[in-house]
Undergrad: 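There's a structure below that I have some questions on.
Numbering of ligands and ligand atoms starts at 1, following listing order.
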Amino acid sequence: MRTRVKICGITRQQDADFAADSGADAIGLVFYPPSPRAISVAQAQNVTRGLAPFVSTVALFVNPSVADVSRCLDAVSVDIIQFHGDESPEFCSQFGKPYIKAIRMKPDTNLAQLSEAYGSAQALLLDAYQPGVPGGTGTTFDWSLIRQIEKPIILAGGLSADNVAEAIKQVRPFAVDVSGGVESEKGIKSHDKISAFMREVANA
Ligand SMILES: O=C(O)c1ccccc1N[C@@H]1O[C@H](COP(=O)(O)O)[C@@H](O)[C@H]1O
């Protein structure tokens with residue numbers, strides 16, 4: 001099966017369009033103000049304006065309020081929500097939208113248990129754990145910690161054109177998610193790096 005690709009942390013319309021034209025299945029928008037890739041609802045409307053059909057828009061939050069999420073969903077055409085903090089299954093499932101739950105992997109993470117707890121999630125996104133930083137760390141984690149679960153797995157954390165083929169070979173995830181690995185600077189995507197990443201995924 002083809003490995004799907006999500007390119008996260010998009011802040012500019014030209015990067016969203018380039019990702020879509022390059023074959024990305026989803027683009028991610030970060031609604032987490034401390035992130036260098038954070039965008040406002042108004043910016044998100046611009047970024048997604050004219051996005052090609054069949055490319056999903058993922059809205060990323062870290063421990064948001066209900067009002068934060070609702071305000072975004074009311075104004076932006078969001079297909080999937082990505083919860084990247086400590087949100088409970090009840091919190092995540094209240095918005096009537098498909099959602100992805102991010103799990104920051106530690107040696108004792110019990111994926112089977114989490115997969116059951118977040119039964120309403122569409123997929124689990126597995127990211128590196130770094131104390132005090134919720135995500136977008138640009139670091140990989142020990143992929144041998146991953147156990148196969150019923151749910152689709154989205155592999156994230158420090159991926160780039162240099163390691164994504166090996167990651168796919170080892171993990172066989174449903175999808176890969178990249179942010180820092182396709183940037184020229186934080187929040188600005190490198191089109192050359194996106195092309196190289198997409199090539200590596202296609203050939204993996
Ligand atoms: O991108 C961010 O700034 C960010 C902030 C807070 C939570 C998650 C964030 N990004 C997500 O982190 C992973 C891994 O990113 P990277 O490829 O290692 O840079 C990815 O899922 C992003 O969506």
Undergrad: Hey, which of K6, R37, K186 is the one that makes side-chain hydrogen bond (donor to acceptor under 3.5 Å, both in side chains) with S179?
TA: R37

Undergrad: Using a strict cut-off of less than 4.0 Å between a Lys/Arg side-chain nitrogen and an Asp/Glu carboxylate oxygen, indicate whether R12 and D15 qualify as a salt bridge.
TA: yes

Undergrad: To check you understand the geometry: which heavy-atom pair defines the closest contact between L155 and F141, and what is its length?
TA: CD1-CZ, 3.6 Å

Undergrad: Is NZ or CZ of K101 both nearer than 6.0 Å to the six-membered ring centre of Y118 and within 45° of the ring axis?
TA: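 Yes - K101 lies over the ring of Y118, closer than 6.0 Å to its centre and within 45° of its axis.
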
Undergrad: Parallel under 30°, tilted from 30 to 60°, perpendicular over 60°: which one fits the rings of F18 and H191?
TA: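 Ring orientation of F18 relative to H191: parallel.
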
Undergrad: List the steps, then state whether side-chain hydrogen bond (donor to acceptor under 3.5 Å, both in side chains) holds for S195 with D192.
TA: CA-CA 5 Å; S195 298; D192 287 347; 5.5 Å; no

Undergrad: Please output the residues near ligand 1 using a strict heavy-atom distance under 4.0 Å, listed in chain and residue-number order.
TA: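 Residues within 4.0 Å of ligand 1: K6, C8, Y32, S35, R37, L60, V62, Q82, H84, L125, D127, P134, G135, G136, T137, G138, A156, G157, G158, D177, V178, S179, G180.
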
